[in-house]
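Below is one structure; the comments refer to it alone.
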Amino acid sequence: MDDLFIEEEIKNLRKKIAYHNELYYKKAQPVISDYEFDKLVKQLQNLEKKYPQYKKEISPTEKVGSDIEEKAKIIPHKVRMYSLENAYSLEEVKSYLSKIKENFGFFPNITLEHKIDGFTINLFYNNGYLKYATTRGDGFEGEDVTENVKTIKSIPHEIKYKNSIEVRGEIYLPIKEFERINKEREQLGEKLFANPRNAAAGTIKLKDSNIVAQRNLNSTIYTVGTFENPEIQTQKQLLEFLKANSFRISKFNHTVSSFDEIEDYCELWDKNRYDLEVEIDGIVIKVNEFDLQKKLGYTSKFPKWALAYKFKAEEKETQLLDVKFQVGRTGAVTPVANLKPVFISGSTVSNATLHNADEIKRLKLKIRDFVTIIKSGEIIPKIIKVNYDKRSEDAKKIKFPEKCPVCKTPLCKEEDGAIFYCNNINCPAQIQKRIEHFASRDAMDIEGLGEAVVKQLLENKMISRIEDIYHIDFEKFRTLEKQGVKSAENLKAAIENSKLQKFHKTIFGLGIRFVGDRTSRILTKHFINIDEMINAEYNDFLEIEEIGEKIAHSLYVFFHDEKSLLMIESLKKNGVNIRSEKKNIDNKLDGAKFVITGTLQNFSRTEIKEEIERFGGKIISSVSKNLDYLIVGENPGSKVKKAEKIGIVKIISEDDFLKMIGK
Ligand code: AMP
Ligand code: ZN
């Protein structure tokens, strides 16, 4: 492989991993399975091992993702919290154990535990009292969630043991409780939690402990951090000690001394896991004796004395009853499979996404076919296979509509893509979805403005566009079916609050095609306010790192569209936040654009980027007429020649730059 290509590949993998880490830990809304995630990390590990020259910064292969939100109170852990190495087959488990056996010269005692799919928690007790509770965070420090944790009945506020001790385990929502909460949310028109894990993670970070208390979280404790007690020498003894100190431990823990027993235990629980009150996603295999654990030690991320055997996603066969076509907020038409309801991975499934027309072609799918489905990442059901030999004679071809199923506008196809769009900006289906998106959690976060309420408002002609939500007639709203004084007050307050959302959330909420949460954050780092975006040229967008032609085009079109501009004008008038927090920005550099070439003395690439941004400048990706300054370090590249050729670019040294920012 070409070196440049490898460096690029490593960079991309890092970015991808950081992105999925953020979704998993901060948002509790992963879009890929743990298995797929681990595959990315493995790929990166292999490349970094082979090409150590590119492994400069701290790599995500060495640290665990962080769940810490920006404004939280942070408390350092007394002893680091590690993650667990995963194994996806019993062969991997076997080879792990044979290495250990070889290492010791005998097969050690192993303690087997359920791997609870919950939210990891750290509880600190001193003098017998619960002092605080924190999340795992990045493994070194976590977020203070004491008040919420105190509402959990199975977590003792007081224990017998008087010395300082960090106690660790999982907080989880029992499946029944998860279903109850989702039913309630559905009735309120709120967004549903994808699975119990996300629901638990979302709950533990709520600002209102009263709501947490209503959610019946439970806990399973399995380990400790800081703790000194010479009497406790094994994992088994530790579990008994924890139980004697009023903690809730799992009743399924089991200590064994052969691979066969481990295999049996894994297979037993793979089969019976859906009978439990809690979701488990695997079995944790731990060397029992602490002495032996010490001998094995840790990697930068995992204990070497433990391994998580992860269950495979469950597969089920069912029948395709029909395919419906849904119109999304961007007008994209997606086929959705209507399935004969089946119970899979703990819940009943009757729909699966088919993504686009090509996916239907690829699967050669027909209506009434028997299909195999899995819940990918235990979240979104997916058809992975069509069982053609069961196809009956009356199987029916799936016809992709030529017109929008809602407004009947003829559909058109993007040039290179497989997706069909309804291009009618007034299409009622799109309007509904756009408003839902604007109000959603990652955008303006307007609680109470979910699918059902948006529909009600549209049907009663109280709104017809996004900006109308700032003019809702609440006197009238009160009188609508299922609404009242209280719901009107709550919605009014939530809408009022939304005006203070961060700038990147507003941008995300606008629903610009291809502009997701991540791109919105990138944009609001580059542009101080929305007017700068409106005035930007296509090339200004393109110059931003990570923004390619497709997104740049979409941005340019959006900010030159009359309807978008009217919407922005109206949002502005209503006081919606359309600018970045400028707190730390000293505008010395006044929007000047920089490119760096060669090695700098005082800064890494990330540091110089931060420094330039801190003083109100920006880094662009290439030398062009738009560039203001080229900073030249040691061993510069061809960029210098290019800049000299253009002429108007100022070529400066690192010292010159330091002077510019007054250092
Ligand atoms: P993962 O988050 O997929 O890397 O899995 C590692 C995590 O599983 C640990 O950090 C724990 O939070 C969690 N876990 C769940 N059950 C157990 C258990 N019985 N022992 C150790 N860790 C567990
Ligand atoms: Zn339409």
Side-chain angles (χ1 to χ4, degrees), residues 20-21 24-25 28 30 32-38 41 60 63-67 77 80-88 110-122 135-139 142 167-172 197 200-201 219-225 235-236 238-239 242 248-254 265 269 276 278-287 293 299 301-303 305-311 325-333 377-378 401-412 420-434:
H20 290 298
N21 255 333
Y24 186 87
Y25 288 105
I32 60 173
S33 65
D34 288 4
Y35 175 68
E36 285 166 301
F37 181 81
D38 287 348
V41 175
K63 56 172 193 188
V64 300
S66 173
D67 62 40
H77 303 314
R80 185 177 164 186
M81 295 179 84
Y82 286 85
S83 183
L84 286 171
E85 174 99 89
N86 289 326
Y88 289 95
I110 297 287
T111 293
L112 301 168
E113 297 171 10
H114 285 174
K115 186 170 184 300
I116 314 269
D117 203 7
F119 187 80
T120 318
I121 201 81
N122 176 57
T135 67
R136 174 164 71 176
D138 61 0
V167 175
R168 292 163 179 182
E170 301 286 302
I171 303 279
Y172 65 87
R197 200 206 89 87
S219 64
T220 296
I221 298 298
Y222 47 74
T223 196
V224 289
Q235 173 67 10
K236 198 170 176 197
L238 179 62
L239 291 169
L242 289 167
R248 194 182 161 279
I249 64 162
S250 163
K251 57 178 180 229
F252 303 106
N253 303 324
H254 193 38
Y265 185 89
W269 287 111
L276 297 166
V278 52
E279 275 198 358
I280 62 173
D281 62 341
I283 300 297
V284 186
I285 295 159
K286 296 178 181 169
V287 171
Q293 289 186 2
T299 70
K301 223 177 148 178
F302 314 116
W305 46 264
L307 184 69
Y309 167 69
K310 292 263 211 166
F311 299 135
F325 294 87
Q326 271 181 3
V327 188
R329 69 181 158 84
T330 58
V333 177
E378 316 271 330
E402 283 165 9
K403 290 180 180 163
C404 171
V406 177
C407 73
K408 308 294 174 223
T409 304
L411 300 181
C412 56
F420 286 90
Y421 287 93
C422 161
N423 266 346
N424 171 13
I425 189 135
N426 294 317
C427 169
Q430 291 180 45
I431 292 173
Q432 160 96 30
K433 287 273 166 20
R434 276 203 296 271

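Whatever order the structure lists them in is the order used to number ligands and atoms, beginning at 1. Keep in mind the model is a prediction, meaning the values are calculated, not measured. Atoms considered below: every heavy atom in the structure, side chains included; atoms not considered: hydrogens, waters and symmetry mates. Start at 1 with the first residue, then count along the sequence.
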Show which atoms of ligand 1 fall inside a sub-4.0 Å distance from at least one heavy-atom site of [X].
X: R136; result: 2 (O), 10 (O)
X: I116; result: 15 (C), 16 (N)
X: K286; result: 18 (C), 20 (N), 21 (C)
X: E113; result: 18 (C), 19 (N), 20 (N)
X: E170; result: 11 (C), 12 (O), 13 (C), 14 (N), 15 (C)
X: K310; result: 3 (O)

Query raised in the report: Salt bridge between E113 and K286, side-chain N to carboxylate O under 4.0 Å?
Result: yes
Report task. Apply the test side chain to side chain donor-acceptor pair (under 3.5 Å) to residues Q235 and Y222: give CA-CA distance (whole Å), side-chain angles for both, the deciding distance (0.1 Å), then the verdict. Result -> CA-CA 9 Å; Q235 173 67 10; Y222 47 74; over 6 Å; no
Query raised in the report: Going through the checks in order, is the side chain to side chain donor-acceptor pair (under 3.5 Å) test met by T220 and R248?
Result: CA-CA 5 Å; T220 296; R248 194 182 161 279; 3.0 Å; yes
Report task. Determine, using heavy atoms of S83 and all atoms of ligand 1, whether some pair is separated by less than 4.0 Å. Result -> yes
Side-chain contact test, heavy atoms from C-beta onward, threshold under 4.5 Å: evaluate it for [X] versus [Y] and give yes or no.
X: N122; Y: M81; answer: yes
X: D38; Y: Y88; answer: yes
X: L411; Y: Y421; answer: no

Report task. Go around the Zn ion (ligand 2) and count every protein N, O or S atom nearer than 2.8 Å. Result -> 4
Query raised in the report: What residues form a salt bridge (charged side-chain N to carboxylate O under 4.0 Å, His left out) with R329, not counting sequence neighbours?
Result: none
Query raised in the report: For the ring pair F252 and W269, is the centre-to-centre distance below 6.0 Å?
Result: yes
Does only the side chain of [X] get under 4.0 Å from ligand 1, or the backbone, or both, or neither? Count heavy atoms.
X: R197; result: neither
X: K115; result: both
X: V284; result: side chain

Query raised in the report: Side chain of Q326, backbone of A332: donor and acceptor closer than 3.5 Å?
Result: no
Query raised in the report: Quick check: does any side chain N or O of Q293 sit under 3.5 Å from a backbone N or O of V287, one acting as donor and the other as acceptor?
Result: yes
Query raised in the report: Out of Y172, Y82, F119, Y222, who gets a non-hydrogen atom closest to atom 17 (C) of ligand 1?
Result: Y222
Requested in this report: Evaluate the criterion side chain to side chain donor-acceptor pair (under 3.5 Å) for residue pair T330 and Q430; output intermediate values, then yes/no.
Outcome: CA-CA 7 Å; T330 58; Q430 291 180 45; over 6 Å; no
